[in-house]
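Worksheet: the structure to be examined is printed underneath.
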Amino acid sequence: MDNKKNRTENEIFDLIKRLYPICRSITGNGVRQTLNLIKEIIPLEIIEVPTGTKTLDWTIPEEWNITDAYVKNSSGEKIIDFQKSNLHVVSYSVPVDKKINLSELKKHLHSLPEHPDWIPYVTSYYKENWGFCISHNQLKLLKEDLYEVKIESDLSAGSLTYGEFYLPGELKEEVLISTHICHPSMCNDNLSGISVVTHLANYLKTRKQKFSYRFVFVPATIGAITWLSKNEENVKNIKYGLVAALLGDNGNFTYKKSRLGNAEIDKIVEYLLKTEIGEFNIIDFSPYGYDERQYCSPGFNLPVGRLTRTPNGEFPEYHTSADNLDFVKPGKLKESFELYKRIVEVIEQNQTYLNLSPKGEPQLGRRGLYNSVAGNIKEYELALLWVLNMSDGNNSLIDIAIKSKLPFNTIYKASQDLVNVNLLKEIEIQQ
Ligand code: ZN
């Protein structure tokens, strides 16, 4: 096997392994630790937004940190231990230190009867509460007893932390790639997106791009809202965008279109899935899911789609301890990385042109571009005719590839040759 292929696979998986033990939430040191590990790979800027800051219709909450948590039975045995899995504690649990009986304890326990071996992932960000999550099998075995419950957490003024890496290109127009970073030990939901985006940014950072790229690592919902609130003036530069998540499972790719529904990003991803991937799903925008909800809220309505493998909530391991290091596959992570890379390649080449000789077909043979014998036209020459005919200023190269059913690469090559003989000129990017 090719070593380079294995290297990328291993690097994507290795970052997931390093991030896996960290207890993340929407704020706190777990997020900072996560961003610092990403910063070893790409030059991330880490931004702190203080508790109490107004961000659009929201307010930055108190920062949550946790050092330990457990439930002990009357013999002093820890029957639930945060040190064994950070999923055992409901995220944003308030501090607790008390002795309670079984029925009181059960009011604060969460389990999954349909998957009795797994620990569920539960949060209570905006409602003051506390709780533990355990396997249903363990819950069934709990006996009447006086339990000691301890949660050593801290909720106090601090900040919300997010990371951003801006990679300038020739143009001020931008491609936004956003991923969420607020889930504790789960691999497909959040770590696969974090690692694929980090490695995509790392791959692009040493290359010259036409577009500028902005990689955003934010806690879900409140983080994206905070980023939007701090960047309200700049978002007009975003011409393409993707929310990246759930990229390591065995399922097919699923593309969720932007709210616009027919943005260039929608056309490019759909085209690549159809022509280069095989089995896939495409779904329309809906106001539920990940941070596309924020980027595509009506006041922004950005050209941002979402590219995952199996969507949120549609695989049994979702939001449980079974979304672990065995659940994500290095080969699938690599395949996801390659598709994102390919999307960037097409974004870079996609362009709208104007035919400078639109009255009748220009004589291509005279310019050395057309050699076919009549009636035996080659794919490349057909591409020249399509590009010339559709380049009236309203169609991009991806539109022409879709309409002509010719490979994007052939359409692109034809356009570059036509530019070189002064038959086409670039039109400014619009959205
Ligand atoms: Zn999630």
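Counting starts at 1 for both ligands and their atoms, in listed order.
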Out of Tyr121, Tyr290, Tyr20, which one pairs with His183 under the ring pair (Phe, Tyr, Trp, His ring centres under 6.0 Å) rule?
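By the ring pair (Phe, Tyr, Trp, His ring centres under 6.0 Å) criterion, His183 pairs with just one of Tyr121, Tyr290, Tyr20: Tyr121.
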With Lys107, which residues qualify under salt bridge (Lys or Arg N to Asp or Glu O under 4.0 Å), at least two apart?
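Lys107 satisfies salt bridge (Lys or Arg N to Asp or Glu O under 4.0 Å) with Glu104 only.
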Check whether Tyr203 forms a cation-pi arrangement with Lys341 (NZ or CZ under 6.0 Å from the six-membered ring centre, at most 45° off the ring normal).
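Geometry flag: set, cation within 6.0 Å and 45°.
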Have a look around the Zn ion (ligand 1) and list protein N/O/S atoms under 2.8 Å, or say none.
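The answer, once waters are left aside, is His183 NE2, Asp189 OD2, His319 NE2.
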Taking side chain to side chain contact (heavy atoms under 4.5 Å, CB included) as the definition, give me every residue that meets it alongside Ser124, ordered by chain and number, with sequence neighbours left out.
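Expected list: Val90, Lys127, Asn129.
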When you measure from the side chain of Ser195 to the backbone N and O of Ser192, does any donor-acceptor pair fall under 3.5 Å?
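Judged by distance alone, no pair lies under 3.5 Å.
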Residues forming a ring-ring contact (aromatic ring centres under 6.0 Å, His included) with Trp130, sequence neighbours excluded
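Partners of Trp130 by the ring-ring contact (aromatic ring centres under 6.0 Å, His included) criterion, ordered by chain and then number, come out as His108.
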